[in-house]
Each structure stands twice: as C-alpha cells, then as structure tokens.
Amino acid sequence: MTYIGKSVKRVEDKRFLTGKGKYTDDIVLPGMTHAYMVRSPHAHARILNVNTNKAEEHPGVIAVFTGKDVAEVNGVPCGWQVDFKNGDTMKEPPHKLLVADKARHMGDAVAMVIAEDYATAKDAAELVVVDYEPLPSVTNAVDALKSGAPSVHDEAPDNRCFDWELGTDKAVVDAAFEKAHHITTLEYKNQRLVPNAIEPRSAIGHYDDTNERYTLYTSSQNPHLIRLLLCAFVLGIPEHKVRVVSPDVGGGFGSKIFHYTEEALVIWASNQIKRPIKWTAERSESFLTDAHGRDHTTKAEMAFDADGNILALRAKTIANMGAYLSTFAPAVPTWLYGTLLQGLYTTPAVHVDVTAVFTHTTAVDAYRGAGRPEATYLLERLIDTAALEMKMDPVELRRKNFIPAFDGIEQEGYTTQVALQYDSGNYQRVLDRALEMVGYKNFRREQEKARQEGRLLGIGFSTYIEACGIAPSAVVGALGARAGLFESAHVRVHPTGKVSVYTGAHSHGQGHETTFAQVVADKFGIPLEDVILEHGDSDSVAFGMGTYGSRSLAVGGSAIVKSVEKVINKGTKIAAHMLEASEADIEFAEGKWSVKGTDKSVGFGDVSLTAYVPHNYPEGLEPGMDFSSFYDPANFTYPFGAHIAVVEIDKETGKTKLERFIAVDDVGNIINPMIVEGQIHGGVAQGVGQALFEGAIYDESGTLMNGSYMDYTMPRADDLPSFEVDNAVTPCPHNPLGVKGAGEAGCIGSTPAVVNAVMDALAPYGIHDVKMPTTSERVWNIIHANGNGV
Amino acid sequence: MKIPITITVNGKKHQAEVEARTLLVYFLRENLRLTGTHVGCDTSGCGACTVLLNGKALKSCTMLAVQANGHEVTTIEGMSTNGTLHPIQDGFHQKHGLQCGFCTPGMVMTAADLLSKNANPTEDEIRHALEGNLCRCTGYHNIVASIQHAARAMNGASTTELPKSKVTTGELSMSE
Ligand code: FES
Ligand code: FES
C-alpha cells in the first residue's frame with residue numbers, strides 16, 4: 001500500500017494556511033442582507049407585547065419578524081423518540097422558530113431584524129420593545145422534578161420528558177447488591193458543558209425567485225439531514241428545490257449536527273423579502289443557543305465480592321434536556337449512555353434508570369462523545385473509588401474484571417447486559433502498554449517520596465469503551481431514531497482516469513479530503529493527486545447522514561469502498577474484452593488489470609478511457625464509469641483504550657497541574673496515523689477541560705453566568721502538557737476497512753482519568769469525591785477544610 | 001459619519017472611508033474581503049482575529065480601523081510569497097498543526113510575532129505565547145510542534161521536537 005497507513009500530509013491544509021478557507025460567514029451573495037436576533041434576557045417570561053415600529057422605521061432596516069409572523073410555520077423537530085417506561089410517547093413540545101407566547105430560556109429568540117448591514121440590524125434590534133412578564137424559572141433538573149417547580153411547557157406540567165430503563169432485571173441487580181461484600185457509591189453531577197467550536201454558527205438563506213429554488217449555506221456537520229428536516233418538517237417546501245451547502249466548517253464537536261431555528265428562519269424570511277439573508281452568531285449567542293452537552297445528575301453504585309469481582313452495577317440518572325428537545329437529544333442519555341455501562345468489565349448484572357427533564361436552560365444534545373463520556377465517567381470513577389475504599393490497586397481491580405480478549409472472528413463478539421454486542425477487543429493490552437509508558441511501579445515509589453515531602457502527586461486511570469460507527473439503521477430505528485444512519489458514496493472515474501469521490505460524510509477538521517483519498521488512491525493504485533473528495537453540498541452529493549459519532553470512515557469510508565469495488569468489477573469486464581481474455585483470468589492490482597500469469601495488462605487510465613469511448617467494448621455493457629453506493633453497517637464499532645493522568649496539586653493555591661497524560665487507544669485499523677493522533681490530542685484536551693476547567697453556571701434567575709470567553713474557562717496552550725500517545729490495533733471484523741473511529745476516543749477516556757488523578761493526589765485528606773470541574777477553589781477548600789492542610 | 005483612512009495591508013496601500021466604530025477586523029474582512037482573519041468571539045478572548053500591526057501581533061477585534069490609520073498590517077493572506085508557504089505555515093502543514101483551520105490564521109500570526117522576538121523558544125515559552133489563542137481542535141500539542149518545526153527551519157534553532165506522541169498502524173510500538 002502506498003498511502004494507507006501512512007501519515008500523508010493533509011491536502012486541505014493549504015487553503016486554511018493561506019487564509020483561503022471558505023467558512024459560511026466568508027460568503028457574500030449579491031444583494032445579501034443581514035439578520036440580528038432579539039433574544040430573551042429572561043430564563044422564563046410571558047411575552048405580553050412586541051413592538052417593532054421603531055425598529056422598522058430605522059434607516060436601512062428591511063423587515064422585522066416576530067413570533068406572530070411565524071405562528072403558522074412549524075417548529076424544528078426532534079429526530080429521536082424515546083418512550084416512557086409505561087409506553088407513553090415522550091413529551092415533545094413545539095420548538096417554534098420565534099417564540100410568541102413565552103420565552104423558555106435565556107437567549108430564546110423573540111424577533112429577527114433584517115437590515116442592509118450587520119451593524120444596522122444590531123442597532124435596530126435594540127429598538128424592538130418586548131414587554132416581558134418575568135416568571136419563576138428552574139435550571140437544575142433535580143429541582144425541576146420537585147412538586148411545585150415552575151413548568152417549562154404546558155404539555156409537560158411536571159417537566160418530565162420521558163423516563164427510561166435498561167439492563168438486567170432490576171430484582172436480580174438488587175439481589176446482587178444484597179449479598180455484596182463491598183458497595184461503592186458515588187453521587188455527582190456530570191456538569192453541563194458548552195461545546196465552543198471556535199467558528200460561531202452561521203447561516204445564509206437565499207430564495208431565488210427566477211427558478212423558485214432555495215439555497216442554504218450553513219455551518220453544519222450534516223447538510224443533507226438539515227435539508228430533510230427543513231423541507232419535510234419545518235417549511236414544507238419541496239426537497240428537490242432546496243440546496244444545502246456546508247462549506248468549510250470551523251469545528252463542530254456535535255454542536256453543529258442539529259437543525260437550528262436560525263437555519264429555517266433565514267430560508268423562510270429570504271422568501272418573504274426576496275433577498276439573501278446572512279445570520280452569524282456572536283459568541284455570546286453561541287453560548288446561549290448552541291446545544292450544550294452532558295448535565296447529568298447521577299447516583300451510581302457498584303457491588304463487589306471480597307476478592308474485588310464486580311457483582312453488579314446500578315445507576316439512576318436525571319438528565320437535563322434544557323428548554324426544548326434538540327435534534328438527537330433523547331438518544332444521548334439513553335441509547336448512547338445506558339448501553340455503555342457494561343464498560344470493559346464482566347459485570348453480570350447492570351441496571352440503569354434515566355429521567356429526562358425540561359428546564360429553563362439552553363437545549364442539551366450530543367457533545368463530543370455524547371453519552372459515552374458520561375458512562376465512562378460513571379464506571380471509571382467508581383472503579384478508582386472502590387480501589388481506594390477496598391485498599392486495592394486500581395490497576396489490579398480492573399485487570400480482575402476485564403472481559404478477556406476476543407477478535408470477533410474466531411471468538412464471538414461479547415454480548416453485554418445492556419443491549420450491545422462488542423465487535424472485538426483486547427483490553428488488557430492497551431492498559432499494559434499505558435502502564436509501561438507511565439512507568440507505574442516507579443511512579444508509586446516517587447509518589448511515596450513526594451508525600452513524605454508534603455507534595456500532592458496523583459495518578460488516575462481510565463479504561464473505556466465506546467460505540468461508534470453510528471449506526472445500523474434497523475437497530476437505531478427500533479430504538480427510536482427517526483432516520484436511517486447509513487452513508488452514501490459516489491465514485492466518478494473520469495475518462496482520463498482521474499477520480500472524483502462524493503461522500504455524505506462532512507469534514508470540519510477531521511481531514512477527510514486526505515484520508516478518504518488515501519483509501520481510494522490505494523484501492524485503484526493511482527496517485528493521491530488523481531483523487532479529489534467532494535462533500536458538504538446537497539447538489540453534488542446525492543445523500544448523506546453527515547459526520548458525528550466517529551462514523552465517517554467506518555460508515556462513509558465503507559460506502560466508498562463499495563463503489564470502488566463496483567468500478568474494479570466493471571473495469572474487469574472492460575479489461576477482459578480489451579485483452580481478449582476471459583473475465584475469470586483477469587486480476588486487478590496496482591492500477592492494472594492483467595491476465596493472470598502473463599505480462600499482458602491494461603492500465604486504469606486505458607480502461608477509464610475505453611469506458612467513455614466505447615468503440616471496441618463488451619457487448620451489452622453500459623458505457624461510463626460512475627457508481628454510487630449506500631452502506632448500512634452491520635453493527636456499531638467499539639474502540640477502546642487506556643488513559644492515565646499524572647497530576648501535581650499546589651497546596652498553596654489548590655491549582656492542579658496536569659503533568660503527564662498517556663493515551664493508548666485501539667481504534668481498529670488506521671488509515672492516517674498523523675490524523676488519528678491529532679484527533680486523540682484534541683479529544684483529550686476537551687476531556688481534560690471538563691475535568692479541570694469547564695462548566696456552564698446558571699444563577700437563581702436562570703441567567704447563564706459564564707457565557708463568554710472571559711468567563712467560561714477552556715484549556716489554553718499553557719494549561720496542557722504534551723501528550724504521550726500510542727495505540728494498538730484490533731481490527732473491526734465487520735467493515736471492509738477494519739476501522740472503528742477515532743473522533744471521540746480522547747474525549748471519552750480522559751475526563752475520569754484526570755479526576756481520578758486529582759482524587760489520588762488528595763488521598764491523604766481521606767476524601768472520596770470532588771465536584772467537577774476540580775477548580776483550584778474547590779481543591780483548596782478540600783485541602784484547607786480542617787485548618788491549614790496536612 | 002465616515003472617516004478617511006489609509007492603511008497598508010500586506011504591502012498594499014488602501015484608502016477608504018469607514019465608520020468610526022468599525023473594528024479593524026471587520027474592515028479587513030468586509031471592506032478588503034480578506035476573510036482569512038476570523039472572528040471567534042466578542043470579548044477578545046480567542047485570538048482568531050490576530051494580525052500583525054507594524055510587525056507585532058494584535059487582536060484585530062480590539063482596535064478600530066481608524067486607529068490603524070497610517071500603520072502597516074499583515075494578515076494571513078500576506079504570509080506566503082508567490083504561492084510558497086512561509087516557514088511557519090509550512091511548519092503547521094508538516095506537523096499537522098491545524099484541523100478545522102479556524103484558529104489557524106491567528107495561531108500563525110502569533111507564532112510569527114513570537115519567533116521574531118525569540119528565534120529559539122522552549123516548549124514552555126511557546127505555550128505561554130499562545131495563551132491568547134484558543135484552539136478547540138488540536139489540543140495544542142501539534143501547534144507547539146509546528147512552531148518548533150518552523151523555528152528550526154527559519155533559524156536553525158536547536159529546539160528538540162516533542163518526542164512523545166506516536167500513533168502507529170502496526171502492533172503496539174512497544175520499543176518506543
Ligand atoms: S475575535 Fe476573538 S479575540 Fe478577536
Ligand atoms: S484547528 Fe479548529 S480551532 Fe484550531
């Protein structure tokens with residue numbers, strides 16, 4: 001192989017490095033206008049009146065729209081249904097494009113002002129007078145369940161969206177707890193995070209009345225799904241008259257999967273004013289309106305026998321959904337969370353119970369990892385805490401409970417207590433490698449010495465598994481998805497043997513233009529430069545389900561391989577004709593079709609040309625070389641890994657310094673190690689961010705207190721060490737590339753490793769838990785709780 | 001009221017009339033259509049808008065266009081010459097210092113400022129210099145490596161490469 005497995009430098013780099021990347025906000029259309037949204041400053045308020053007169057009279061203003069204007073337009077839909085335990089359908093209150101009756105979270109959009117330029121729109125927005133009657137609000141999901149709590153929606157007076165359970169018969173689980181030697185319990189909050197892609201969301205709507213077509217440019221991770229939702233559910237406009245383009249997108253991390261109201265608004269309004277409209281979020285709007293992540297309140301218990309074997313796990317989670325159901329929100333605290341609570345362990349009984357709750361906050365949906373980081377945090381914090389309580393080594397405790405290695409071919413996949421079958425795994429191996437890298441034995445000696453000197457040094461572990469390659473359509477359909485989760489690919493071989501590949505996956509930093517081209521170039525045996533990848537435009541790409549859930553290569557790449565095989569098969573027919581041999585005697589390798597055992601061959605370019613100039617051509621065969629395919633995966637893929645964090649805490653300030661971070665991940669086969677490594681680095685940084693720095697804070701009145709880069713702390717360059725990364729390869733047995741997906745691994749494994757390290761460092765203080773993020777203030781308070789520290 | 005200004009951007013003199021309140025970043029993006037300079041925030045916290053003003057790194061969202069009157073600005077578009085990447089840009093390419101690319105122009109300009117003052121920065125010095133620039137994609141590891149690579153290329157600097165991160169496609173690289 002010339003390219004697969006090599007750290008080929010990215011072909012997309014040059015445009016970004018020279019300032020020529022084209023993000024949505026960089027696009028200017030002739031006659032384009034600018035929109036600015038009027039948003040509620042209240043978490044919960046009745047809207048008594050909206051007066052737009054002054055704003056409309058402001059010079060340069062074209063139109064002002066309010067909730068009344070879009071009263072007849074549907075709201076944005078939810079794409080996943082989870083039913084109550086008793087079978088009732090989840091509560092799914094409307095999410096209108098602009099609210100007319102009530103604002104239900106700070107930032108809820110009340111009006112849209114459209115003007116000739118952005119500054120004018122913003123000025124005029126201040127002239128829109130909204131008469132609010134502030135109402136009591138609730139931002140904490142636990143409080144929202146209490147009787148008498150203010151209701152977010154009339155449709156769900158008790159704020160319950162749904163409740164849900166999964167796993168072993170609850171009575172069996174409870175019985176296992178009865179006979180346990182030791183039970184470890186943690187009650188904690190997996191705090192709310194703000195995704196913060198550095199490119200703010202942006203959308204341009206363009207209605208062209210010459211051909212009655214719409215174009216939406218949007219910073220989205222899945223343009224085709226946006227088109228489907230926009231056309232079929234919100235505006236009821238014909239899908240073939242709508243083009244959705246996601247050009248360069250500056251990071252997504254989940255937050256740009258969803259269909260947002262602003263996308264529908266700019267399209268709808270551009271038909272009203274017959275001009276293109278651009279809306280770009282200010283960062284403070286991003287904080288208020290990009291779907292947030294996590295926000296689980298959980299009680300988790302793990303039961304052990306005297307030898308440290310896990311007997312059972314039970315967990316109860318209250319999941320905050322925010323004020324509205326975002327596109328995939330119901331799937332996150334359920335099928336992406338509960339299903340991962342087996343972890344890497346042979347736990348014979350697992351039960352999880354989830355209640356999803358509306359609050360007066362920004363909607364919560366998938367954020368890098370989506371459910372899987374929450375599951376991993378639960379398991380890995382329990383294990384390290386249990387080790388501390390049972391005075392066992394956390395590494396030994398894991399080893400004892402690991403599922404033994406299996407390749408999914410010779411040995412069957414592992415069936416869990418929570419509805420999944422793992423494809424292949426070798427969990428001990430990644431942990432052993434990570435231990436070797438950190439020098440575990442020496443570390444404990446060093447730690448002993450540090451403690452004697454009064455220094456707080458700690459080590460923390462996390463061994464995780466995730467379900468990626470989302471997802472087999474029939475399976476997710478049965479679980480409530482209102483869409484299939486296959487992927488499409490189209491491979492067009494041009495007469496000269498150059499190749500265009502169209503994929504429904506979307507790259508917003510993942511480097512698909514390189515990785516996917518590596519696959520195609522190698523399969524065809526042609527130079528990388530001869531392959532170009534197109535994505536993100538519904539006019540050129542037939543269909544797609546987009547990029548999230550570490551699915552692009554496992555699902556989208558597999559679809560490409562299917563089309564590649566179709567090309568090779570057709571080429572075999574043409575080559576047999578050209579070489580006057582029988583098809584059975586033709587083989588394809590390194591860009592040539594040859595007659596087996598001879599030196600007679602024809603090249604990729606010759607066959608391509610013949611396909612388009614079919615003068616001397618197999619009878620009955622269609623001309624051309626152009627194939628599309630759809631690939632629906634047989635199963636999820638299951639990457640896994642071992643992460644180790646080493647921290648030192650400064651007693652004087654409580655500040656945690658992340659000294660080392662070791663990540664050994666197994667994401668199956670790897671096409672481009674450089675890119676995989678980059679994905680791990682970025683994921684680890686986000687996971688460390690949750691452990692040490694990040695978290696949305698609402699005050700009593702429902703105001704987001706830290707909605708800016710001055711107030712919301714994300715890891716900066718000097719907060720992080722250089723990472724120590726290695727990997728193992730256990731190929732995925734059920735897709736043609738043997739790949740599992742690498743986008744979320746870093747984020748899933750890292751958070752509990754860091755918190756476990758902080759707890760290990762603080763072990764001399766005899767505490768077993770600390771709130772995330774483990775800020776200096778929290779840690780300082782622990783150290784100084786009984787006077788002046790130890 | 002519009003105010004006349006003259007700003008040299010990437011070596012070219014531009015005369016324009018701008019609103020007093022127009023920020024330099026919007027002047028670059030909208031008047032000059034130099035969209036490589038990005039806007040990532042409204043509190044001067046992300047550094048995506050970083051340009052060089054008279055050779056020094058500056059967040060162009062913190063300055064009014066009128067304040068830049070008479071000064072020289074270099075944006076990411078002015079870094080490469082005749083299609084050849086500047087060594088800092090090349091460093092980012094060689095060391096995979098960018099993913100989505102949104103923070104990248106700001107990172108490159110900040111690095112240019114750093115390397116003009118310190119030809120041979122340590123890892124800590126690089127991380128410190130990048131404090132004002134957020135990247136949500138890379139975890140900074142490869143950005144640091146990119147700048148070290150650039151320092152070596154530009155100045156023969158002796159900074160050693162970050163040795164630790166390594167992903168392989170074979171079995172575990174146990175010997176590393
Ligand atoms: S735009 Fe964020 S610092 Fe200037
Ligand atoms: S590369 Fe995406 S923010 Fe830095």
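Source: prediction; values computed, not measured. All chains are named by letter (A, B, ...) in the order of the sequence lines, taking the proteins before the strands, and each is independently numbered beginning at 1.
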* **For the student: nearest non-hydrogen atoms of A:Ile675 and B:His96, plus distance** => CA-NE2, 3.8 Å
* For A:Lys9, is it the side chain, the backbone, both, or neither that has a heavy atom closer than 4.5 Å to a heavy atom of chain B? -> both
* Asked: Is the A:Phe723 ring parallel, tilted or perpendicular to the B:His141 ring (thresholds 30°, 60°)?
  -> parallel
* Specify which of A:Ser507, A:Gly251, A:Ala717 makes the most heavy-atom pairs with chain B at under 4.5 Å. => A:Ala717
* Lys/Arg N to Asp/Glu carboxylate O, B:Arg29 vs A:Asp26, below 4.0 Å -> yes
* Side chain / backbone / both / neither for A:Val249 at chain B, heavy atoms under 4.5 Å -> backbone
* Is a side-chain donor or acceptor of A:Arg283 paired with a backbone partner of B:Asp42 at a separation under 3.5 angstrom? -> no
* Structure fact -> Heaviest contributor of heavy-atom pairs below 4.5 Å to chain A, chosen from B:Met79, B:Gln94, B:His86, is B:Gln94
* A:His681 to B:Thr138 - nearest heavy-atom pair and separation -> CB-O, 3.3 Å
* Minimal non-hydrogen separation, A:Arg10 against B:Leu98, with atom names -> NH2-O, 3.4 Å
* To do: Heavy-atom distances under 4.5 Å only: say whether B:Asp90 touches chain A with side chain, backbone, both or neither.
  => neither
* Asked: Hey, are A:Glu694 and B:Arg136 close enough for a salt bridge, meaning a charged N less than 4.0 Å from a carboxylate O?
  -> yes
* Asked: Quick one: do A:Asp719 and B:Arg127 make a salt bridge, cutoff under 4.0 Å?
  -> no
* Structure fact -> From the list A:Ser708, A:Gly682, A:Ala685, the residue making the most non-hydrogen contacts under 4.5 Å with chain B is A:Gly682
* To do: For A:Leu720 and B:Tyr140, work out which heavy atoms get closest and say how close.
  => CD1-CD1, 3.7 Å
* Asked: Side chains of A:Thr18 and B:Gln89: do they bring a donor and an acceptor to under 3.5 Å?
  -> no
* Select, from A:Gln686, A:His508, A:Gln679, A:Gln510, the one with the greatest count of heavy-atom pairs under 4.5 Å involving chain B. => A:Gln686
* For A:Ile662, is it the side chain, the backbone, both, or neither that has a heavy atom closer than 4.5 Å to a heavy atom of chain B? -> neither
* A:Tyr23 (side chain) donor-acceptor with B:Phe102 (main chain) under 3.5 angstrom -> yes
* Asked: What part of B:His38 gets closer than 4.5 Å to chain A, counting heavy atoms only: side chain, backbone, both or neither?
  -> side chain
* Taking all non-hydrogen atoms of both residues into account, name the closest pair between B:Leu134 and A:Met714 and its distance. => CD1-CE, 3.5 Å
* Let me know if A:Lys14 has heavy atoms under 4.5 Å from chain B in its side chain, its backbone, both or neither. => side chain
* Could you tell me which portion of A:Glu12 (side chain, backbone, both or neither) has an atom closer than 4.5 angstrom to a non-hydrogen atom of chain B? => neither
* Minimum heavy-atom distance between B:Arg21 and A:Thr120, given as atom pair plus value -> NH2-N, 4.4 Å
* **When A:Val684, A:Asp248, A:Asp117, A:Asp25 are compared by non-hydrogen pairs under 4.5 Å with chain B, the top option** => A:Asp25
* To do: Measure the spacing between CZ of A:Phe16 and SG of B:Cys103 and express it to the nearest 0.5 Å.
  => 11.0 Å
* Asked: Heavy atoms, side chains only, cut-off 4.5 Å: are A:Ser722 and B:Glu123 in contact?
  -> yes
* Asked: How many angstroms lie between atom NZ of A:Lys20 and atom OG1 of B:Thr35, to the nearest 0.5 angstrom?
  -> 10.0 Å
* Contacting moiety of A:Ala119, where chain B heavy atoms sit under 4.5 Å -> both
* Most heavy-atom pairs under 4.5 angstrom with chain A, which of B:His128, B:His93, B:Glu131? -> B:His93
* To do: Could you tell me which of B:Gly45, B:Gly40, B:Gly101 has the largest number of non-hydrogen atom pairs under 4.5 Å with chain A?
  => B:Gly40
* To do: Measure the CD1-CG distance between B:Ile76 and A:Leu17 for me, rounded to the nearest 0.5 Å.
  => 6.5 Å
* Residue part contacting chain B, namely of A:Phe287, when any heavy atom lies under 4.5 Å -> neither
* **Engaged part of B:Glu19 at the chain A interface, taking heavy atoms whose separation is under 4.5 Å** => neither
* **Verdict with supporting geometry, B:Arg33 and A:Val28, side-chain contact (heavy atoms from CB on, under 4.5 Å)** => CA-CA 9 Å; B:Arg33 296 293 300 135; A:Val28 173; 3.3 Å; yes
